[in-house]
2 protein chains.
Amino acid sequence: MGQAQILSRNQQIVLDIIEKANGPLKAYSILFNVQKKGINAPQQIYRALDKLIEIGKIHKIESKNAFVACRNSNCEISKATAFSICESCEMVDEISDVKLSKYLSSFNDKKGTKYKRFNLEFFGLCKKCK
Amino acid sequence: MGQAQILSRNQQIVLDIIEKANGPLKAYSILFNVQKKGINAPQQIYRALDKLIEIGKIHKIESKNAFVACRNSNCEISKATAFSICESCEMVDEISDVKLSKYLSSFNDKKGTKYKRFNLEFFGLCKKCK
DNA sequence: TAACACAGTGTTATAATATAACATATGTTA
DNA sequence: TAACATATGTTATATTATAACACTGTGTTA
Ligand SMILES: [Zn+2]
Ligand SMILES: [Zn+2]
Ligand SMILES: [Zn+2]
Ligand SMILES: [Zn+2]
C-alpha cells in the first residue's frame, strides 16, 4: 500500500464522476459531464485519466475504450487486472480472485518469459441479462 | 474444425497483408498498403477485418487497436485468446497454452458465472528487448 | 423465367477516440 | 529567490471507426 495520493482538481473531478457511475464511462461522455465545472477540452480529460490509471484508481476497459473505477484494493496498481463484461447490457465487474491473479502473475510462456503485467477480459451475460 | 472458408477478394487481400506482416497492423496502415489494389476506403478494410475476426483468421489486439493473423489452429474461433506483447518493440505473439486456455475457459467467478469468451493480454519485454 | 434474399462492393460523409504543441500557472525544493 | 516538476488551458490535428446509400453478383425458389 502506497501513500494516500493527493489528486489535483481535474483529477478529482474526473475520478468522482467515474466512481459515481454504475458502469464504464467513455472519455467524451466524461467531458460532456464536466463542462459545467470549467473543463472544456479532451486533453484535460485524457490527462486526468492517464494519471488515475497510473496510480491505480481507475482502469481502462480496452475492448470498450471506456473507464471504470477500481473496486479492488488488492490489485497492485493495475499490474494484474481482470474484468467480467456483459455482452448485452455493457455492465463491467472487476474480478478479484486471488487464485486467478496468482496463477496469471506467475505464468511463464514456453520460452520461460515472465510478464510484468496482464489484462484479462471475460465476456458473457451478466446475472440480470441471462 | 469447420469448412474451409472461401474468402472474398477484399477479405483475401487484407488477410494476405496481415499474414505477411511480422507484427500487428493497424487498419489505416493496411489501407495505405492496398490502395494500389483498388481499395480506397476505410469501410472496405473494416468490413474485411470484421469478417476475418468472425471466422477466426485474425485477432484484434485491443490494447493496440491492431490486428494479427491467428497462428494457432487450436484457438476455437477467437473464443479464447491470449497474447504476449512487448512494451518496447511492439512485438505480439499469440500464446497457445492448453493448460492456460482450459483454466480460463472453465473459470467461474464467485457467483458461479461462466463466460463465453475471454481475451488475455500479457505485457513485458520480449527476448530480443530484454 | 421473375422475384427474392443474401453477401459483398464502392463511395461519400461523418462520428468517436486520442494526441501534439505551446503558453501559462502553481507548488515544491535548493 | 531560482530552478524544477507537475498541472492547467487552449487550439488544432491525428487516428480509429461507423453510418448511409446505391449497386453487383450469386444462388434459391416460386
Ligand atoms: Zn482494480
Ligand atoms: Zn447484462
Ligand atoms: Zn488464434
Ligand atoms: Zn521487444
Side-chain angles (χ1 to χ4, degrees), chain A residues 2-18 21 23-68 85 87 90 92 119 121, chain B residues 2-18 21 23-68 85 87 90 92 119 121:
Chain A
Q3 283 272 134
Q5 183 86 24
I6 292 164
L7 298 177
S8 76
R9 181 185 132 83
N10 288 1
Q11 289 157 14
Q12 191 65 60
I13 289 171
V14 169
L15 178 58
D16 286 347
I17 296 224
I18 296 176
L25 289 183
K26 303 231 166 197
Y28 276 74
S29 110
I30 295 169
L31 176 57
F32 299 140
N33 272 281
V34 298
Q35 295 197 312
K36 52 200 165 218
K37 304 217 178 180
I39 298 182
N40 303 299
Q43 267 289 7
Q44 297 174 281
I45 303 299
Y46 282 104
R47 285 198 287 229
L49 291 172
D50 287 347
K51 184 68 178 188
L52 292 168
I53 289 170
E54 185 192 324
I55 64 178
K57 290 288 191 183
I58 66 171
H59 302 297
K60 181 173 188 179
I61 306 301
E62 295 288 357
S63 62
K64 302 174 78 65
N65 297 316
F67 304 86
V68 295
I85 300 169
E87 285 176 311
E90 316 270 278
V92 169
N119 180 54
E121 299 183 359
Chain B
Q3 283 272 133
Q5 184 84 26
I6 291 163
L7 298 177
S8 76
R9 181 185 134 83
N10 288 0
Q11 289 158 13
Q12 192 64 60
I13 289 171
V14 170
L15 179 58
D16 286 347
I17 296 225
I18 296 176
L25 290 183
K26 303 229 165 199
Y28 275 75
S29 109
I30 295 169
L31 176 57
F32 298 140
N33 273 282
V34 298
Q35 295 196 312
K36 53 201 163 217
K37 304 219 176 174
I39 298 183
N40 303 298
Q43 267 289 9
Q44 297 174 283
I45 302 298
Y46 282 104
R47 286 197 285 228
L49 291 172
D50 287 347
K51 184 67 179 186
L52 292 168
I53 289 170
E54 186 193 323
I55 65 178
K57 292 286 190 184
I58 66 172
H59 303 297
K60 181 172 187 181
I61 306 301
E62 295 287 357
S63 61
K64 302 174 79 63
N65 298 315
F67 304 85
V68 294
I85 301 170
E87 286 176 309
E90 316 270 278
V92 170
N119 180 54
E121 299 183 359

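Quick caveat: nothing in here was measured; it's all calculated off a predicted structure. Order of the sequence lines fixes the chain letters, A, B, ..., with proteins taken first and strands second; residue numbering starts at 1 for each chain. Below, each value reflects all heavy atoms present in this structure, side chains not excepted, and no hydrogens, waters or symmetry copies.
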Name all residues meeting the salt bridge (charged side-chain N to carboxylate O under 4.0 Å, His left out) criterion together with A:Glu90; count only those two or more places apart in sequence or in a different chain, and write none if there are none.
A:Lys64

Gap separating the CD1 atom of A:Ile45 from the CG atom of A:Asn10, nearest 0.5 angstrom
7.5 Å

Just list the side-chain donor-acceptor pairs under 3.5 Å for residues 50-57 of chain A, sequence neighbours left out, or say none.
none

Taken to the nearest 0.5 Å, the spacing of A:Leu49 CG from A:Leu15 CG works out to 10.0 Å

Apply side chain to side chain contact (heavy atoms under 4.5 Å, CB included) to B:Gln43 and list each qualifying residue two or more places apart in sequence or on a separate chain.
B:Arg47

Taking the nucleotide of DNA chain D with the nearest heavy atom to each, does A:Ala48 or B:Asp50 sit closer to the 5' end?
A:Ala48

Can you give the first and last nucleotides of DNA chain C, 5' to 3', that have an atom under 4.0 Å from a heavy atom of chain A?
C:dT17 to C:dA21

In the 5'-to-3' direction, what one-character label does each nucleotide of nucleotides 12-17 of chain D receive under the scheme B = base within less than 4.0 Å of a protein heavy atom, S = sugar-phosphate only, - = no such atom?
----BB

Check whether any side-chain heavy atom of A:Lys60 lies under 4.5 Å from a side-chain heavy atom of A:Asn65, and answer yes or no.
yes

Contiguous Watson-Crick or G-U pair runs (3 or more, under 3.5 Å) in DNA chain C
C:1-30 with D:1-30

How many angstroms lie between CG in A:Asn33 and CD1 in A:Ile18, if you round to the nearest 0.5 Å?
10.5 Å

Rounded to the nearest 0.5 Å, what separation is found between the OH atom of B:Tyr46 and the CD1 atom of B:Ile30?
9.0 Å

Touch check for B:Arg47, heavy atoms < 4.0 angstrom, all strands: base, sugar-phosphate only, or nothing?
base

Is it true that a side-chain atom of A:Glu121 and a backbone atom of A:Glu62 form a donor plus acceptor pair closer than 3.5 Å?
yes

A side-chain contact here means heavy atoms from C-beta on lying under 4.5 Å apart; do B:Ile85 and B:Ser63 qualify?
yes

